[in-house]
Every structure is written in structure tokens, then in C-alpha cells.
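Here's the structure we're looking at; comments come further down.
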Amino acid sequence: MLFNSYIFIFAFLPVVLLVYWGVRGRHRLEPALVWLTLASLFFYGWWNPAYLWIILGSMVGNYLLGKYLTRTQSKLILGLGVAANLGVLGYYKYANFLVDNIDLLFSTHLTLHTIILPLAISFFTFQQIAYLVDTYQRKTEEYQFLHYSLFVVFFPQLIAGPIVHHKETIPQFLKPLPLSSFSSHMSVGLTLFFIGLFKKVVIADTLAVTATPIFSMADAGVALSAQDAWLGALAYTFQLYFDFSGYSDMATGLARMFGIVLPMNFFSPYKAVNIIDFWRRWHITLSRFLRDYLYIPLGGNRGGTLRRYRNLYLTMLLGGIWHGAGWNFLIWGSLHGVYLMINHGYHFLCRKLGFQGSGRLHAALGWLVTFIAVVLAWVYFRAETLHGAHSMLAAMFGMGGAVENTLANYHANPIILAFLISILAPSSFQLLVDYHPVLEDLESRSRLRWRPTFTWALAISLMGAYAVMDMAKVSEFLYFQF
């Protein structure tokens, strides 16, 4: 079931909200949480009921491991628990890729049936690995199974994040939620949801009309002109931006409708002035997980500069593999690992030379270099084949072989508009900064601030209505495949 579908917006969501607030408003906490947990499992099972056993088994197994680790601080049990989680994830996500490459390298003919990736397995696996590690390190409390289950399956953030910590949501599930707060939570939640829906349906899906055929042609071996290649790369750059930004807004808004404030997962990443800044803004909770549970355990910045760079590179390489089983994702992660090494090396050199690196010109140059680097890396992220990615990049640098534009009917206007919005407009969370839209404390210099007024209600309603009417062709969010 998709957030941008009629059955979700007009059936599932109203029913779940009505029952939840009706029960919770009568101070019946546990029945309300049971209802929300069952509704979340129904939401997950709508895609393929056969895969419910995977998330249920994962949930029960990790809860029991956590209870054991609460009583006995066993590194062996922790290691087995993490290995089991990664083993299940690895089988579903990487088994076919591994067998295909073994066949290619050794000319074997190994057979393996096609394995369909269960929805959200990467996200709920990472959340539970973090829970096990935190339990081992005595950073958790002993939760009831119901509360732990809701932490895992809470539907607004289940499918594509944010990757939440237990300490961020479970205490919120248990705190008092008076019925008098219903209107404030709903107004903020609906505002975020409709802004996100507009981003996804109206902006991202419009850009896909340009990006998809160009990348398909590159994958098929069709020679592209430089203009076509840049048009496709930039269209996908902003398609992914508004697709993921839209999902993040919708997830945050949906959680808020139930009185839950989620951590921020997306914060205007194309405004970043360096690649370090980019990863503080793009998929923020994944960056946090990779830092806390991979980069730091690898040694972090301890042990000297070379080891720090090695750890940075390995972290981003594994982050690339997390996104998908394919050489394109490995190269994309590798590129960002190199980008981060260069960025940290540049800062180190500036400190040694006493160069402050401040001023508008320096920031503008930093932004330009960062943006171009991100666009080039997205080519590998989007292309279905290595050949397609290489063809796109060759064409972008004038080596594609095509002279005339093959896609003259496509226009750059939607791309220009998307660029201006991503660079100049305040983020959705900054727009609602006065109403605590996310767990983090935000600042906004923009004079444009949301208020619960008739004017704002009318504007957001029109935006939502336009998006709903534009949902004739339902499309999945791009991060669903990860």
C-alpha cells in the first residue's frame, strides 16, 4: 500500500486514525497501541502477505535476543544476533547478485531461483541491529513486546525510513496524549503530508517522464548527445530529490497525526557547500547509523589520518552496497568515499596553511563543485547497467558520439523550476519550524512561516487536492527498492 494511493488516503488512514484517537482519547493506552501495531502489520502485508513471517520472525527473534542481552552482557550472543540479521538481509538482497558474479568469473552454471526483496527489510534490519548493540552497551530499557513491536513496524516510517532509534519513539508511544491535542497534531501532520504528496506526485513523477527514457536509452546502447545526457542526469537528480523529500515529509506528517515526532531525515541537501555537509543533509538517519555502528566501530578518526580515510571509504562503500546489489551501487558508494576523503584532506590542508576558506565566493565554488560531483555520482546510482552509466557520463563530457538531440520534445523548464525550489526555498521543516515538526531543533531565517490560519489551510488544501487529482498513475517511491 502506497502513501500516494487512493485506498491509503481515503480508506486505510482515516479508519486507523479514527479508531486510534477514539481509543487513545479514552485513556486506553494499550488497546490503542495494539490497534496501531495490527494496522501497521496489515499495511506491510498489503504488498505481499507471504512476507509477513519475515518481519514477524525478525521482530520476535531480536526481541528475545535483546531480553537475553539485558540480563547477560554477552559479546558472543550480540555477534550471533548481528550476524543472523545480516545473514537474512544478505540472502534476500545479495544472493542472486553473488551467484551471477560467480557464474561470470568462473564460467559456472549455478542456479538460484529469483529472490524477491521483501519490502523494507534493510530498514527494519538496521533498526534492530542498532537496538541489539545499544542493549549490549546498556543504553536501553527492558521494553514490553508490544512496545518493541510497534517501534519496529510503525507504518509511517517502516518502508523507507527514517531509521529511528528505540529511544526516539518508544517513550513517545507511552506518554500521555490528550484528545485536546488532536487538532494541533492533525494540522501539522496534514500540512507535511500534503506538501510531501505534492512533491512526489506533481514534481518528482513529472521529472521521471524525462529521466526514465534517457537512462533507458543509455542502458540499451543508444548514443546520446551531451544535451540529452545532461538533461537526463539533472532530471533524475531532482526526481530523486523530490521523491525522497516527499516521502520524508509524508512519513513525518503521518507520524505526527498519531502524536509522534520523528527525527529529521532530509534537509535541503542540494544547498550543501561540501560533500561532508551533503551527508549531514541527505538520508540523515542512515548517515547516523553508518557513523555510530560502522565508522566508529571500525576505528573512526582514531589511529591516524590514513586509517581515518580508510574507515571513511569503507563506510561509504558499504553504504553504497546497502542501497542495492549491483556494481553501480558499489561504484556510487566508492565515489562518495573518495569525495569525503578529498573533502577532509582539503580541510586538513587549509588548517595547515592557515587558510580560512570563508566568504561568499568560497561557499559558491564549494557548492558548485559539490553539486556537480553529486550529479555525476547519481548516474551510477540510477543506471541499470555499468555500460549505461559509462555511456551517460561519456555523453555528458561530449564523447557520446551523437550530434543531434534525440529527445527534442523534452524541455528543461521542470528541471529549472525544481532546481530553483531546491536551492532557494525553505525546507518543509523550516516552514513549520515554530511547531516542532521534527525531533531536532531547527532555525530558519525565512520569513515564510506556516501558521494554522485559514489562508494557509486553503493553500495546503489546494496543493493536496491538486496532487490527489494527479494520482491517476500510482508510482512507487524510489527508496522502496532499497
> After noting the C-alpha distance and the side-chain angles of Glu476 and Leu119, does the key distance pass the side-chain contact (heavy atoms from CB on, under 4.5 Å) rule?
Replying inline: CA-CA 12 Å; Glu476 289 187 354; Leu119 205 60; 6.0 Å; no

> What's the spacing between Phe12 CZ and Ser5 OG if we round to 0.5 Å?
Replying inline: 10.0 Å

> Does the gap between the ring centers of Phe266 and Tyr241 come in under 6.0 Å?
Replying inline: yes

> Can the ring centres of Phe3 and Tyr247 be said to be less than 6.0 Å apart?
Replying inline: yes

> So, Ser74 side chain and Ile77 main chain: donor-acceptor pair closer than 3.5 Å or not?
Replying inline: yes

>> Taking salt bridge (charged side-chain N to carboxylate O under 4.0 Å, His left out) as the cut-off, I'd like each qualifying pair that reaches into residues 229-257, sequence neighbours left out, listed once.
In response: Lys199-Asp249, Lys200-Asp243

> Are Thr370 and Asp277 close enough that some pair of their side-chain heavy atoms sits under 4.5 Å apart?
Replying inline: no

> Judged by atom type as modelled, is there a donor-acceptor pair below 3.5 Å linking the side chain of Tyr309 to the main-chain atoms of Gly345?
Replying inline: yes

> Between His336 and Tyr313, does any side-chain donor sit less than 3.5 Å from a side-chain acceptor?
Replying inline: no

>> Counting neighbours of CD on Gln137 that are heavy atoms of other residues, nucleotides or ligands and sit closer than 6.0 Å, is the number greater than 12?
In response: yes

>> If you compare all heavy atoms of Ile195 against all heavy atoms of Ser428, which two are closest, and at what distance to 0.1 Å?
In response: CG2-OG, 3.4 Å

>> Please check: side-chain N/O of Asn85 versus main-chain N/O of Thr125, any donor-acceptor pairing under 3.5 Å?
In response: no

>> Under a 3.5 Å threshold, yes or no: a donor from one side chain and an acceptor from the other, between Thr285 and Asn265?
In response: yes

> How about Phe258 and Phe155: are their ring centroids closer than 6.0 Å?
Replying inline: yes

>> Before we go on, tell me: are the rings of Phe329 and Trp332 under 6.0 Å apart, centre to centre?
In response: no

> Taking the six-membered ring for Trp, are Trp367 and Phe371 parallel (under 30°), tilted (30 to 60°) or perpendicular (over 60°)?
Replying inline: parallel

> Is the distance between the ring centroids of His344 and Tyr339 under 6.0 Å?
Replying inline: no

>> Within this structure, what is the CE-CG distance for the pair Met250 and Leu197, rounded to the nearest 0.5 Å?
In response: 4.5 Å

>> Could you check whether any side-chain N or O of Tyr6 sits under 3.5 Å from a backbone N or O of Val468, counting only pairs where one atom can act as donor and the other as acceptor?
In response: yes

> What pair of heavy atoms forms the shortest contact from Val375 to Ala233, and how long is it?
Replying inline: CG1-CB, 4.1 Å

> What heavy-atom pair brings Ser422 and Phe242 nearest, and what distance separates the two atoms?
Replying inline: N-CZ, 4.3 Å

>> Please confirm whether the ring centroid of His147 lies under 6.0 Å from the ring centroid of Phe173.
In response: no

>> So for atom CZ, which belongs to Phe348, do other residues, nucleotides or ligands contribute more than 12 heavy atoms lying within a distance under 6.0 Å?
In response: no

> Parallel, tilted or perpendicular for Trp282 and Trp378, by the 30°/60° rule?
Replying inline: tilted

> With a 4.5 Å limit on heavy-atom distance, are the side chains of Gln239 and Thr210 in contact?
Replying inline: no

> Does the pair Val152 and Asn62 meet the rule for a side-chain contact (heavy atoms from CB on, under 4.5 Å), with working shown?
Replying inline: CA-CA 10 Å; Val152 175; Asn62 281 290; over 6 Å; no

> Atom CG of Leu330 and atom CD1 of Ile321: how far apart are they, to the nearest 0.5 Å?
Replying inline: 4.5 Å

>> Quick check: closest heavy atoms across Leu158 and Ser40, and the distance to 0.1 Å?
In response: CD2-O, 4.5 Å

>> Contact between Phe381 and Leu240 at the side-chain level, heavy atoms closer than 4.5 Å - yes or no?
In response: yes

>> When you compare the side chain of Asn274 with that of Tyr346, does any pair of heavy atoms fall below 4.5 Å?
In response: no

> Quick one: CG on Leu234 to CD1 on Ile415, what's the gap to the nearest 0.5 Å?
Replying inline: 6.0 Å

>> Please check this pair: side chain of Asp228 against backbone of Leu224, looking for a donor-acceptor N/O pair closer than 3.5 Å.
In response: no

>> Nearest 0.5 angstrom please: Phe193 CZ to Thr252 OG1, how far?
In response: 12.0 Å

> Is the shortest side-chain N to carboxylate O distance from Arg288 to Glu440 below 4.0 Å?
Replying inline: no

Please tabulate, for the side chains in residues 127-135, all donor-acceptor contacts under 3.5 angstrom to protein atoms that are two or more places apart in sequence or on a different chain.
residue, atom, partner, partner atom, Å
Gln127, OE1, Gln157, NE2, 2.8
Gln127, OE1, Val164, N, 3.3
Gln127, NE2, Phe151, O, 3.4
Gln128, OE1, Tyr148, OH, 2.7
Gln128, NE2, Ser58, OG, 2.7
Gln128, NE2, Phe124, O, 3.2
Asp134, OD1, Tyr293, OH, 2.8
Asp134, OD2, His166, NE2, 3.1
Asp134, OD2, Tyr293, OH, 3.1
Thr135, OG1, Tyr131, O, 2.7
Thr135, OG1, Thr140, OG1, 3.2

>> Restricting to side chain to side chain donor-acceptor pair (under 3.5 Å), what partner residues turn up for Thr72, sequence neighbours left out?
In response: none

> Is the Phe8 ring parallel, tilted or perpendicular to the Phe43 ring (thresholds 30°, 60°)?
Replying inline: perpendicular

> Distance from Leu36 atom CG to Leu146 atom CG, nearest 0.5 Å?
Replying inline: 9.5 Å

> Under 4.5 Å between any side-chain heavy atoms of Leu417 and Phe238, yes or no?
Replying inline: no

> Which is it for Phe123 and Ile159 under the side-chain contact (heavy atoms from CB on, under 4.5 Å) test, yes or no, and what are the steps along the way?
Replying inline: CA-CA 7 Å; Phe123 291 91; Ile159 306 300; over 6 Å; no

>> Tell me if a side-chain donor or acceptor on Arg302 pairs with a main-chain N or O of Ile296 at a distance below 3.5 Å.
In response: yes

>> I'd like to know whether CH2 of Trp327 has more than 12 heavy-atom contacts from other residues, nucleotides or ligands below 6.0 angstrom.
In response: no

> So does Leu349 have more than 12 non-hydrogen atoms from other groups sitting under 6.0 Å from CG?
Replying inline: yes

> How far apart are the C-alpha atoms of Thr212 and Arg382, what are their side-chain angles, what is the distance that settles it, and do they pass the side-chain contact (heavy atoms from CB on, under 4.5 Å) test?
Replying inline: CA-CA 9 Å; Thr212 300; Arg382 171 60 180 84; 3.9 Å; yes

> Looking at Tyr94 and Trp322, what are the two nearest heavy atoms and their distance?
Replying inline: OH-CA, 3.4 Å

> Leu192 and Pro437: which non-hydrogen atoms are nearest, and at how many Å?
Replying inline: CD1-CB, 4.2 Å

